[in-house]
Amino acid sequence: MKGENIRVSLGRKEILHGVDFDAEPGKVTAIIGPNGSGKSTLLKALSGEIESSGKVALNGRDISELKPWQLAAMRGVLPQSSTVAFPFSVLEIVRLGLANGLAAGDDTLPSKALAHVDLAGFEHRSYQNLSGGEQQRVQLARVLTQVWAAKYHDKPKWLLLDEPVASLDIAHQFTVLGVARNFAAQGGGVVVVMHDLNLTALFADYVYVLSEGNVWGSGTPTAILNDKTMEQVYGIDLPINTLPKGQVPFILPQAMKHDLTV
Ligand SMILES: Nc1ncnc2c1ncn2[C@@H]1O[C@H](COP(=O)(O)OP(=O)(O)O)[C@@H](O)[C@H]1O
Ligand SMILES: [Mg+2]
């Protein structure tokens, strides 16, 4: 997936100022950056959900030339938050993944997808009565069902996920990021907006850092998660550590404790 010179304006304001972006199938590519830096806007531009100038190519095809059903067959999108206005059951939500203008998909996929996000047996629960984290996992099951059901088996499928672990407990953060890693291991592409830098360091192959609507930098987690990034992008003086085994960088906020008193 390739984005070239992506500009997005919302209202009278330009939100993204010419972003170049490249993600490879078989890899997990993370997008990080402070609140309001344009992460969700970039993901929406890459998914074709909002208008942008510049060019976005998915599997070598310009997305502006793809029909909605072709797009739906190639990539699934998990938005940052989803509101469901009707009293749907969990199964009804996940089954929406089968219905993206494609031929009737395999009806066993929704339950399989629910099992992947640790919600086996939740099919007949009411979506509205689930916790925020459970709802988020139901939405991921819907997206998985969509990409599994789609044709185009000769081309990589893509998952575009906006903060998929933001409201999850630590075990389910690993469940969901494990789903993303497995998807990539099987040849799919994953583009994921991440909030948690430590999880990003653990799970991402490559990281884009956004700042005020521009790409500030990009690189492997080890290369890009460093003291300079913390200071210049996040504006905090917080040194990055690394674990001896495998050299995975990590940030320990405990070092900031002395700054928390008012
Ligand atoms: N529909 C909109 N109209 C105007 N401004 C918007 C709209 N959506 C987002 N923005 C602004 O664009 C900037 C980037 O937003 P967003 O991409 O959601 O940031 P992030 O996901 O990195 O937190 C923010 O300053 C936000 O206020
Ligand atoms: Mg966002």
Side-chain angles (χ1 to χ4, degrees), residues 1 23-32 39-40 43 46-47 58-59 71-82 84 90-91 93-98 100 105-123 125 127 130-150 152-153 155-208 221 248:
M1 150 168 292
E24 284 173 39
K27 295 257 160 79
V28 174
T29 304
I31 302 170
I32 63 170
K39 304 180 296 297
S40 294
L43 201 78
L46 292 170
S47 72
L58 192 58
N59 293 337
L71 259 183
M74 277 192 221
R75 58 98 181 103
V77 188
L78 181 73
Q80 191 164 358
S81 61
S82 323
V84 174
V90 165
L91 186 59
I93 301 277
V94 180
R95 281 182 55 88
L96 294 173
L98 292 174
N100 272 283
D106 176 352
D107 223 14
T108 65
L109 294 178
S111 288
K112 201 175 133 198
L114 282 168
H116 268 69
V117 297
D118 198 26
L119 288 174
F122 275 62
E123 284 82 347
R125 296 273 296 270
Y127 179 82
L130 299 181
S131 74
E134 288 166 341
Q135 290 183 344
Q136 187 73 348
R137 277 146 59 211
V138 171
Q139 293 295 339
L140 178 60
R142 172 182 61 74
V143 174
L144 280 177
T145 299
Q146 180 190 323
V147 290
W148 286 345
Y152 285 127
H153 292 301
K155 290 270 168 55
K157 310 271 184 69
W158 292 82
L159 290 179
L160 306 184
L161 312 173
D162 197 345
E163 298 201 23
V165 299
S167 46
L168 304 187
D169 62 67
I170 189 160
H172 287 112
Q173 291 183 331
F174 279 80
T175 306
V176 163
L177 290 170
V179 166
R181 279 241 62 95
N182 281 336
F183 193 82
Q186 286 161 20
V190 179
V191 178
V192 57
V193 174
M194 288 291 290
H195 196 62
D196 187 307
L197 301 179
N198 288 318
L199 288 173
T200 304
L202 268 182
F203 282 89
D205 296 302
Y206 199 80
V207 182
Y208 275 83
V248 178

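Keep in mind that the numbers below use all heavy atoms, side chains included, and drop hydrogens, waters and symmetry copies. These numbers come from a predicted model, not from an experiment.
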Pairs touching residues 169-178 that satisfy salt bridge (Lys or Arg N to Asp or Glu O under 4.0 Å), sequence neighbours left out: none

Atom CZ of R95: over 12 foreign heavy atoms under 6.0 Å: no

Gap between atom OG1 of T29 and atom CE of M1 - 0.5 Å precision: 9.5 Å

For V165 against Q173, the heavy-atom pair lying closest together: O-NE2, 3.3 Å

4.5 Å side-chain heavy-atom contact, M194 and V28: no

For H172, ring pair (Phe, Tyr, Trp, His ring centres under 6.0 Å) partners two or more places apart: none

Where P110 and L98 come nearest, the two heavy atoms and their spacing: CG-CD1, 3.9 Å

Between CD on residue Q146 and CG on residue L78, distance to nearest 0.5 Å: 11.0 Å

R125 CZ to L91 CG distance, which is reported to the nearest 0.5 Å: 14.0 Å

Side-chain donor or acceptor of R137 paired with backbone N/O of V117 under 3.5 Å: yes

Distance-only side-chain donor-acceptor flag, N59 / W158, under 3.5 Å: yes

Shortest non-hydrogen contact from A150 toward A73: CB-O, 3.2 Å

Distance, nearest 0.5 Å, that separates CG of L96 from OG1 of T145: 9.5 Å

Heavy-atom pair of closest approach, residues V191 and A23: CG2-CB, 3.9 Å

Flag side-chain contact, heavy atom, 4.5 Å: K27 against Y206: no

Counterpart residues, side chain to side chain contact (heavy atoms under 4.5 Å, CB included), relative to S40 (two or more places apart): Q80, D162

Separation between CG of L114 and CG of L140, rounded to the nearest 0.5 Å: 10.0 Å

